[in-house]
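Here the structure comes first, spelled out in structure tokens, and everything after it is commentary.
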Amino acid sequence: MTEVPRFAHGSRVPGWDAAVDLEKDPAEIPGVGGSPSPEVPEGLRAEIEGHLALYPDRHSAALPALAAAQRMYGWCSPEAIEQVACVMRVTPAYLDSVTTFYDMLETSPVPRHSVYVCTNISCSLCGADELFAAIQRAADEAPDGASEFNVRSFECLGACDIAPMASVDGVYVGPLTAGDVPQLLDDARAGRPVLPDRQLARRPVAADARAERRTLLLTDIDEPGLCTLDVYERRGGYQSLRKALQMTPEEVLEQLKSSGLRGRGGAGFAMGTKVSFLPKGAREKYLVCNADESEPGTFKDRELMQKTPHSLLEGIVIASYAAGTGRAFVYIRGEYVLQADILDEALREARAAGYLGEDVLGSGHSVSLVVHRGAGAYICGEETGLLDSLEGKRGNPRLKPPFPAIQGLYQGPTLINNVETLSTVPSIIAMGGGEYAKLGVETSTGTKVVSVSGHVKRPGNYEVELGIPSREIIYGLAGGPPDGRKVKCWFPGGSSAPVLKAEDLDIPYDFNSLAQAGSMLGSGAIIVVDDSTPILEVAMKVAKFYRHESCGKCTPCREGTNWTVKMLERIDEGEATPMDLDIMASVQEHIIGNCLCVLGDAMAMPIGSILAKFREELEAHMEDARARRGLSGAGASGAALAAYPAAGHTPVGGAPPAGAQAGRRGALDA
Amino acid sequence: MPRPQPQTITFSIDGREVQAPENMMLVDAAKLGDVEIPVFCYEPKLGQPVGACRMCLVEIEGIPKLQTGCSTPVKDGMVVYTQSERVKVAQQSVVEFLLINHPLDCPVCDKGGECPLQDITFGYGSGISRFIEPKRHFVKPLELSPLIAIDRERCILCYRCVRFSQELSEDYQLVLLERGAHTYVSTFDGHPYVAPFSGNIVELCPVGALTSRAYRFRARPWDVEDAGSVCSLCPAQCNVTVTVRDERALRVLARDHAEVDDGWLCDKGRFAYQSFHVDERVVEPLLRDGGELRPVSWERALTEAAAWLARAGGHTGAIAAGGTTNEEGLLLARLLRERLGSPHLDSRRAGALPLELHRALGDPRLQAKVSDLEFAHAVLVLDTEPVDDAPIFDLRLRKGVRRHGLKLAVASARESALEANAALSVRFAPGGGGAFAAALAGALAGDGDSAGLVRLARAAGAEPEQVRELAELLKSAGSEIVVLWGERLAAGPNGAAGARALLSLAATLGMGATDGAGLFEIPAFANGRGLREAGVLPNAGPGLSETRSCAPADGLSSGAPGDATGVPNGAARVSAARDVRGIAEGLAAGELSALYLLHCDPLRDLPDSELWERALARAGTVVAHAPFLTEGIREHADVVFPAEAYPEKEGTVVHPDGRLQRLRPAIARPGMVRAEWQVIAELALRLGFDMDVLSAAMASQRLFDAVPFYAGLTLEEIGGRGVRWQERDAASAYPPTTLDAGARGAGELAASASISDDDAEMEPGPNAVDLAGYRSIWDAPEVEFAPALEFLFPRAHAVLPLSYAGGERT
């Protein structure tokens, strides 16, 4: 492909020169209708066929099948894709389209070991960008020249409590410093456990101050072996299931409704009501547990699945009984390797003990469960994106209505709930819905596991009764920002939530109070930013994350996130004027409410709030950056402004000088 | 499947009260009130809306967020605003977002002037741009296939093309790769997008991202005119719009007709127009002179042809095929029967059926229509491969399965493209279609266990168990059953038995009494049905009337041979008439001396090319109307009249479901090409026979007068959308048939489905293999001579795998 000089720096995108070879035959389903059939290694074929057997629709096996091929070949090469296509009886293009959607599926050859460094907001507040650079440098200095390490900066890996951290061949380690890097790489190279004392698997839940508080989910969470059926049963596990099975499904549903439990995934929709939306009748209905925990700053589901997986399984079986669903799936994000393995093992135990499968405990209720691993896409945490992904497609959200409760997975009625929501169900059954509703406040009942990260002394998961003052969580439990620093702003519910400032710290931590304050409880992840961090950096992290994770289906989100990042970059490069802040604010307004799903809003709301609340700082930042480029002193009206003469910027008082436009184009083409 | 019968509701849009069918999407319902809501991704032909582009945001009272009009079903009392300030801001912002990465290279873009993005930007954009960052860049344009160029910079990611590939044609070759702002349309690993319907994506694209390589830079919209026509390159007869510049066809687009094509075209129909303007086209009369075909004047060609035909008289045979119009067929039949005294004419590929069977199969009560293929409870595709024989029905069947839960069964001698969608696929041996149909009819009539069924199934080369399974499926599917069958089933040695089996099937399933059920034949030739109804059959005159015995006019020799070789049985009064095979044999044996060919090259279009080689070699005179000098014409024709291409023609054709459709001249005839009806009439005049036809309209009038069940038709009534004659009162003039499969109950025929010994003696399939009968969609001179499609012609001759173990490969 010839070089095309008109391309401006950074404007080339993947596939910019993707041409077709007219000599090739069209890529039809391998082995069907006379198209050639590749040879597939027996092991791979058997593994894929095993996955195919788990799902009602063969397409659903796409992600596990591609992951299997990647394990075998190191990446999803065209040959590997053709082989998978041959076994799955789909076109290779279908699989290619899926492969390129997901971060964890590699589309070019990569070195043997993967080191994913989380550089999302919580980790970067703790120095992840420097860590990433250090690891990259060290990996590039490989002794034999060719690096053995595929070092990638990754979006939030769901381990903000050990920030900054990395996932080395699927094993989470942290917190890391630049000094740990040689050891980390050596361990990985030698095939030893990587930094064993720093592995997430061994880390207890933030230990302090738990005694006085009422806890349900995190009670004795660190008891050794709680993830095994033995210990769980000894502690009264599966008693709630037995109790529920004594009741009618309607009675169970009544308990859920009276508990007032609101979904813990982000939207906060009342769970009991959701269950009651499922139409009655004989159609195949589905229950899907959303374990694609990807909201930056959120790591509560990870903790629950890792330490008390049986609570989740028990909750799923009870919910499936109440909703009349016969098939259940746990969609767990692909990065959670350890947790998925633990869930698989717990599932095996529960099935063997008769808690899952045909005729649960002789009740006549049957439910099957499959743990489905994702492959790295935030949007799959959106319920309809999750459904498409679970059906083996690109994880594009669907139009609503129809809502999943009416037409969801495989077009059947589907109940989708978050891990924490389902894990709470056994407690509700045990104590009774009415009793549960007494916890918390009226519109936000019960307890909530809050993930606190960023600039706090003791990051981690804390279970609190809803309605306690936010200050109590940030300062009382998590210890507040490091000594000598002040809270600059905080995200109350993951990075999608509009930021609040220090003066908002006394707002009660519950759904309605936060909504009234113009933000939201979201997934219950508090990210604290102290006064040492420029707000632009925060905005940039947030915007870049959503740009990276936008699925590209709807226009405002796809283009709006992209545009916002480009404008923020211009501020940082000293190429912006205050007018750009107005444009940026109006772009956020144009995104909010106009998208297919809420991902666009998830960027526009925090960015919009930052623009509104930190305008002065942003203008100052802009001016500093311009000064660095020698553009200061021109003020907001002189030559510097005229250098950005796009239509919306035309300064009052006349058209820009004739040369300005040409100069601008020239700069872009350079 | 019952078609939806929505209630009419009233809603308010921009202050107007509008009536619309309930649950119609707002975007469509708004049009009923003359309100336009702009869209990019919405295209009802593509199925469920995706709501991706967000262009159609509207304000609905009582809903806080703006809603997408493309996905909001309209309800009674809904109050909608499309002009409010909020909506305007949203529309402006979506246009602004879309233009962020759009290159705005309209001056050099092929879509310019007919571009929805241009129009909507003009109508709904803010008029200023606030985006000064670098746009994303792709190398452009690139080939996506030999037919289509892709310019990814212009793409607005509306999903239309990939939805077409994935959900309509279901070839799943065109996909989106990457995600977010990096998403782009592509294929797998540099493979070209080559599929029978790929060209539709060009028409779907709302920007200049996908363009036809054949049309690129040939014209601007203001340089061209549109002319409606009907593609008569195959029996599907899709409605098309020809883009005309300087009287030449530059492009063919779909002209939506839900009862014909559903708005799609195959690539042959879309790109074969190029063959109208190539050097290979015959554009002047040719006469064989010293072994070579040489151009001559019309005068000379007509005189010579007339002289030769006069000499041959009743020893003349005639075959009409391809896109011959009804009028041309009618005039040719009159010339032969009334002047030359020859009854030897045919328009079927593999021989005639007894007249009774023709009539019974064409019984108006038994005819399914195109939309029945989508809404029936079950469709049995029997001995035909839609994608090759009438491609557009392939899409229709897929749609039925996908959207309406149609149960599809495929019974064929070949692997079918529809098998993945079929609830049941059954194979039989090539040529075993008739026996298979008989076995199935027997199984449906309750002979599931008989030894006769086993014998018949074996004769068909099929598994008896599968025949039973298929019968079970049809019985249990519901009342509306359509059998889509190929002409080859009722042709050849077992043809009559196959036809009888079909009638038994129809009677047993009660098709005559059920709306939405019926038989649906795909004829071998594009206007097969029309030509039969116009009387181009050895044993039937216009309107399937019994033919009068033919006596040669004075001075012409009689050509009736001693015995009947052509017609298997029945139709005693015209037993002397030869069908297509009889004509070949007659020519080869020297019993016939002249052959008149309308749009037919026997070596390409008819089975048994060996016999035809001999026949053509021995024929004294071969007169042919042909657009191209294909082998048979080049080697054997003595006079070649240049034939019209379909957009040059004036006349009517009949769709396989009985819809008369009108061809109107869209482009000029090249060179010295003359209207073919005129050539035949002129030839008749020179033979002393004045048919009193001075214009195409008069020719059509003669047709409507000659065919009783077309009585009273006018060209105006046919208009641009066609008319199914079965739905007119004159249908009652359809000739009665003794094999009344359409009657309520039709007890006698149903009973006759029981397997008799006669049936069981049917010849086993493999002996009757008609390999030439399996023709690829690409096997046509129009494909061979269209530069854009040339690359596909070799595919036409790729091996079509036949599954029968004992069968040969083609």
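Lettering follows sequence order; numbering is per chain, from 1.
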Roughly how far apart are A/Arg394 CZ and B/Leu176 CG, rounded to 0.5 Å? 5.0 Å
Kindly indicate, with the supporting measurements, whether the criterion side-chain contact (heavy atoms from CB on, under 4.5 Å) is fulfilled by A/Trp16 and B/Val139. CA-CA 6 Å; A/Trp16 70 281; B/Val139 176; 3.4 Å; yes
Ignoring hydrogens, what is the shortest heavy-atom contact between A/Ala18 and B/Arg152? Give both atom names and the distance. O-NH1, 2.7 Å
Pair count under 4.5 Å, heavy atoms only, with chain B: among A/Glu23, A/Arg89, A/Glu28, A/Glu82, highest is A/Glu82
Considering all heavy atoms of both residues, which atom of B/Gln173 and which atom of A/Ala27 are nearest to each other, and what is their separation? CG-O, 3.6 Å
Test your reading of the model: is there a side-chain donor-acceptor pair from A/Arg558 to the backbone of B/Gly180, 3.5 Å cut-off? no
Non-hydrogen contacts under 4.5 angstrom with chain A: give the residues of residues 161-169 of chain B involved, or none if there are none. none
Are the side chain of A/Thr91 and the backbone of B/Tyr172 linked by a donor-acceptor contact shorter than 3.5 Å? yes
For the atom pair CD (B/Glu96) and CH2 (A/Trp563), what is the distance rounded to the nearest 0.5 Å? 3.5 Å
Just do the side-chain contact (heavy atoms from CB on, under 4.5 Å) check on A/Asn562 and B/His182 with the steps written out, would you? CA-CA 10 Å; A/Asn562 190 26; B/His182 289 163; over 6 Å; no
Using non-hydrogen atoms and a 4.5 Å limit, figure out which bit of A/Ile81 sits close to chain B: side chain, backbone, both or neither. side chain
What residues form a side chain to side chain contact (heavy atoms under 4.5 Å, CB included) with A/Leu22, not counting sequence neighbours? A/Val20, B/Glu143, B/Pro146, B/Pro192, B/Arg213
Segment of B/Thr183 engaging chain A (4.5 angstrom heavy-atom cut-off): side chain
Hey, could you give me the OG/CZ distance between A/Ser97 and B/Arg179, rounded to the nearest 0.5 Å? 12.5 Å
Measuring heavy-atom distances to chain B, does A/Asp582 have an atom under 4.5 Å in its side chain, in its backbone, in both, or in neither? neither
CD1 of B/Ile156 to OG1 of A/Thr555, rounded to nearest 0.5 Å, is 7.0 Å
Treating A/Arg570 as the side-chain partner and B/Glu133 as the backbone partner, does any N or O pair qualify as donor plus acceptor under 3.5 Å? no
Quick one: what part of B/Ser126 sits under 4.5 Å from any heavy atom of chain A, side chain, backbone, both or neither? neither
Without placing hydrogens or testing angles, list every side-chain donor-acceptor pair under 3.5 Å for residues 589-603 of chain A, not counting sequence neighbours.
from     : atom 1 : to       : atom 2 : distance (Å)
A/Asn594 : ND2    : A/His590 : O      : 3.0
A/Asp601 : OD1    : A/Gly593 : N      : 3.3
A/Asp601 : OD2    : A/Gly593 : N      : 3.2

Do A/Tyr94 and B/Phe188 come close enough that some side-chain heavy atom pair is under 4.5 Å? no
When the 4.5 angstrom heavy-atom criterion is applied to A/Val587 and chain B, the contacting part is both
Given the options B/Leu98, B/Val94, B/Thr68, which has more heavy-atom pairs under 4.5 Å with chain A than any of the others? B/Leu98
With chain A as the partner, which of B/Ile150, B/Val50, B/Leu66 has the greatest number of non-hydrogen pairs under 4.5 Å? B/Val50
Could you walk me through whether A/Asp580 and B/Arg130 pass salt bridge (Lys or Arg N to Asp or Glu O under 4.0 Å), step by step? CA-CA 9 Å; A/Asp580 286 308; B/Arg130 304 186 294 175; over 6 Å; no
Please output the residues of residues 546-554 of chain A in contact with chain B, using a heavy-atom cutoff of under 4.5 Å, in numerical order. A/His548, A/Glu549, A/Ser550, A/Cys551, A/Gly552, A/Lys553, A/Cys554
Chain B contacts, top residue of A/Asp103, A/Leu95, A/Val90 (heavy-atom pairs, under 4.5 Å): A/Asp103
Hey, could you give me the NE2/CG distance between B/His137 and A/Asp17, rounded to the nearest 0.5 Å? 14.0 Å
Smallest separation among heavy atoms of A/Leu399 and B/Gly51, with atom names: CD1-N, 3.8 Å
Option in B/Leu144, B/Thr72, B/Thr187, B/Asp171 with maximal non-hydrogen atom pairs under 4.5 Å from chain A: B/Leu144
What do you reckon, is CD of B/Gln48 surrounded by more than 12 foreign heavy atoms closer than 6.0 Å? no
Ignoring hydrogens and geometry, is there a side-chain-to-backbone donor-acceptor pair from A/Lys566 to B/Pro134 under 3.5 Å? yes
Does any backbone or side-chain atom of A/Asp25 lie under 4.5 Å from a heavy atom of chain B? Answer side chain, backbone, both or neither. both
Is B/Arg136 in contact with chain A via its backbone, its side chain, both, or neither, using a 4.5 Å heavy-atom distance? both
Exam field: side chain A/Lys24 to backbone B/Asp189, donor-acceptor pair closer than 3.5 Å: yes
Using non-hydrogen atoms and a 4.5 Å limit, figure out which bit of B/Leu57 sits close to chain A: side chain, backbone, both or neither. side chain
